[in-house]
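Below you'll find the structure, written out as structure tokens, and then a few comments.
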Amino acid sequence: MSSSPLPATLLPDTAVLTENDTLVGGVSLRDIAAQFGTPAFVYDEATLRDRLTQAAATFDDGVAFASKSFLCGAMARLVHEAGMCIDVATGGEFDIVVRAGVPANRIIMHGNNKSHEELQRAVSLGVHRLIVDNFNEIERLRSIVSPRQPLDVLVRVTPGVEAHTHEFIMTGHEDTKFGLSVATGDARRAIDLLSAIPGISVKGVHAHIGSQILDFEGFRQELDVLVNFTKDDNFEELCVGGGLGVAYVEGEEAPSISEWGSALRAAALDVGMNPATKITAEPGRAIVAQAGLTLYTVGAVKPVTQRTYVAVDGGMSDNPRPVLYGSGYEAFDVTRPLEPRPQSVRIVGKHCETGDILVDEAFLPAETGVGSIIATPVTGAYGYSMASNYNRVPRPPVIFVKDGVAREVLRRETFDDLARLEM
Ligand SMILES: *Cc1c(COP(=O)(O)O)cnc(C)c1O
């Protein structure tokens with residue numbers, strides 16, 4: 001398809017392309033590869049900050065970054081400094097955020113199977129909101145919450161909306177493990193039960209219809225359901241969840257966070273929402289995806305009858321999305337970012353699986369081969385956070401770049417790290 005150079009719109013905001021290098025945050029990607037080795041995740045702090053402040057400015061207070069898309073202490077602190085809350089879905093995510101120094105009253109606790117311990121910790125530290133998912137959780141909360149240890153909640157509802165996205169990341173329809181159905185009356189019963197528990201205050205409802213959504217129709221339908229469902233409740237907040245998509249490959253276009261926010265508010269007012277009601281959201285991907293990229297070194301090039309395989313030093317352990325969802329990515333040679341890309345290849349990893357594909361059909365410059373440093377852009381979301389040690393491959397480091405300085409915020413795992421659980 002494409003033999004033109006990689007469109008710069010897929011790179012972090014500060015990217016500068018030269019004849020023989022690519023700079024991000026004022027730092028040479030060639031130098032990062034030399035200093036920290038490959039594979040490595042590189043994040044542009046300026047892009048992260050821009051998306052975070054955009055979200056904080058667009059939505060009402062309580063808008064949260066969905067930490068499952070990418071989390072480490074440095075990221076949690078950036079989110080907090082930019083004025084956003086942080087959403088966590090497990091005790092582990094909660095712990096990383098608390099250790100990073102984020103106050104509990106800026107944390108939102110999610111999860112469809114929160115343990116007694118997870119609930120206990122969230123309530124005793126005093127989270128901003130807890131999102132209630134099911135009736136068993138309500139019974140657990142009954143034994144933990146009291147007027148001396150109160151809790152503000154949103155009730156997660158399934159609005160019955162089908163977003164246009166991959167089936168595995170579609171969550172707003174009825175046949176799902178998440179939330180309580182508006183249609184069957186479960187959501188209403190949950191609100192009534194919760195309202196009767198001393199110490200619990202129901203602040204509103206929450207829904208999340210899916211991920212990587214590029215058009216607003218599903219969100220409009222979601223708001224229609226949420227606004228109508230709560231029109232007599234006088235709740236202070238409606239949370240529409242996350243899901244705003246990003247452009248991954250040439251030719252794709254995605255709305256900005258501000259455009260998304262304005263469209264949501266307009267849609268809510270259109271269907272009669274009280275203008276005093278707060279609209280909040282929980283973007284993950286739209287904050288971190290474009291800020292990040294992954295550097296690899298090419299180790300083997302193998303022409304077969306049908307195509308050429310280019311094998312790199314990472315793979316499905318640092319980016320499982322192509323395997324899980326069939327997601328498409330682009331690739332480029334960081335030392336030749338302005339050159340045309342006439343070589344059509346399949347980029348694969350080093351794992352023992354035929355399906356270990358990073359880019360099914362990638363385009364690379366003619367000279368790119370063994371030893372070249374290549375990168376896949378737009379890997380900031382659900383790459384590191386879904387990374388595994390499959391085949392006992394150590395996880396790559398995470399490098400933040402800003403104003404000409406590269407800062408390692410998570411170091412590369414070592415073989416000692418891999419052995420540390422052995423008894
Ligand atoms: C995954 C998730 C998000 C974030 O989704 P993105 O598509 O990354 O924006 C937000 N809220 C909930 C409840 C989620 O499960």
Side-chain angles (χ1 to χ4, degrees), residues 48 51-52 54-56 58-59 62-71 75 79 84-90 93-94 97 107-114 127-134 137 153-159 161 163-173 176-180 204-216 218-219 222 226 237-248 252 254-261 263-264 279-292 319-321 324-325 327 378-386:
L48 292 173
R51 305 302 186 272
L52 290 165
Q54 221 186 101
T58 301
F59 289 94
V63 57
F65 167 63
S67 69
K68 73 169 190 250
S69 61
F70 169 60
L71 181 63
M75 183 63 198
V79 174
M84 283 183 86
C85 285
I86 303 196
D87 205 267
V88 300
T90 65
E93 289 176 347
F94 190 89
V97 173
I107 300 176
I108 294 166
M109 183 77 192
H110 270 276
N112 73 306
N113 184 14
K114 305 177 191 75
V127 292
H128 174 64
R129 298 267 188 272
L130 185 128
I131 315 296
V132 176
D133 179 87
N134 58 68
E137 182 181 336
V153 304
L154 301 181
V155 173
R156 178 158 182 171
V157 306
T158 42
V161 171
H164 298 143
T165 187
H166 191 285
E167 189 185 348
F168 290 177
I169 49 176
M170 189 165 88
T171 50
H173 54 309
T176 169
K177 70 171 184 167
F178 293 110
L180 293 152
V205 293
H206 168 285
H208 172 73
I209 58 170
S211 202
Q212 185 53 16
I213 303 167
L214 293 169
D215 71 81
F216 295 147
F219 291 114
E222 174 191 8
L226 295 185
E237 177 178 351
L238 297 181
C239 181
V240 299
L244 177 63
V246 299
Y248 279 102
E252 262 183 337
S256 69
I257 294 168
S258 338
E259 287 165 341
W260 183 48
L264 291 176
I279 296 189
T280 57
E282 320 167 309
R285 189 188 313 270
I287 305 272
V288 290
Q290 200 192 335
N319 188 0
R321 295 191 66 254
L324 285 173
Y325 316 122
S327 314
V378 206
T379 55
Y382 304 105
Y384 194 88
S385 69
M386 287 183 133

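Only heavy atoms go into these numbers, but all of them, side chains included; no hydrogens, no water, no symmetry mates. First listed ligand is number 1; within each ligand, the first listed atom is number 1.
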message: Under 3.5 Å between any N/O of His110 and any N/O of ligand 1: does that happen in this structure?
response: no
- line: Smallest heavy-atom separation, Val246 atom then Ala254 atom, equals CA-CB, 3.7 Å
message: Under 4.0 Å from a heavy atom of Pro283: which atoms of ligand 1 are those, numbered in the order shown and with their elements?
response: 9 (O)
field: Short N or O distance, Gly210 and ligand 1, threshold 3.5 Å exclusive
entry: no
Centroid-centroid under 6.0 Å between His208 and His110 rings: no
For Arg285, the ligand 1 atoms whose distance to one of its heavy atoms is below 4.0 Å: 6 (P), 8 (O), 9 (O)
query: Do the side chains of Ser67 and Glu282 get nearer than 4.5 Å, heavy atoms only?
result: no
message: Test of understanding: with ring pair (Phe, Tyr, Trp, His ring centres under 6.0 Å), list the residues that count as partners of Tyr382, not counting sequence neighbours.
response: none
message: If the contact criterion is a heavy-atom separation under 4.0 Å, does Ala286 count as touching ligand 1?
response: no
- prompt: Quick one: does ligand 1 sit under 4.0 Å from the side chain of Phe178, the backbone, both or neither, non-hydrogen atoms only?
  reply: neither
task: Not counting sequence neighbours, which residues clear side chain to side chain donor-acceptor pair (under 3.5 Å) with Ser385? List them please.
output: none
- line: The option among Lys68, Glu282, Gln212 carrying the non-hydrogen atom nearest to atom 15 (O) of ligand 1 is Lys68
task: For Gly242, counting its heavy atoms only, list the atoms of ligand 1 lying under 4.0 Å from any of them.
output: 9 (O), 10 (C), 11 (N)
task: Considering the heavy atoms of Arg156, write down every atom of ligand 1 situated less than 4.0 Å from one of them.
output: 13 (C)
message: So, taking the atom named CZ in Arg285 and the one named OH in Tyr248, what distance separates them when rounded to the nearest 0.5 Å?
response: 4.0 Å
statement: The reported gap from CH2 in Trp260 to CD1 in Ile213 (rounded to nearest 0.5 angstrom) is 8.5 Å
- request: Mind checking whether Ala66 contacts ligand 1 via backbone (N, CA, C, O), side chain (CB onward), both or neither, at a 4.0 Å heavy-atom cut-off?
  value: side chain
statement: So CD1 of Ile257 and CG of Leu52: to nearest 0.5 Å the spacing works out to 8.0 Å
- line: So the atoms of ligand 1 within less than 4.0 Å of a heavy atom of Tyr382 turn out to be 1 (C), 4 (C), 5 (O), 6 (P), 8 (O)
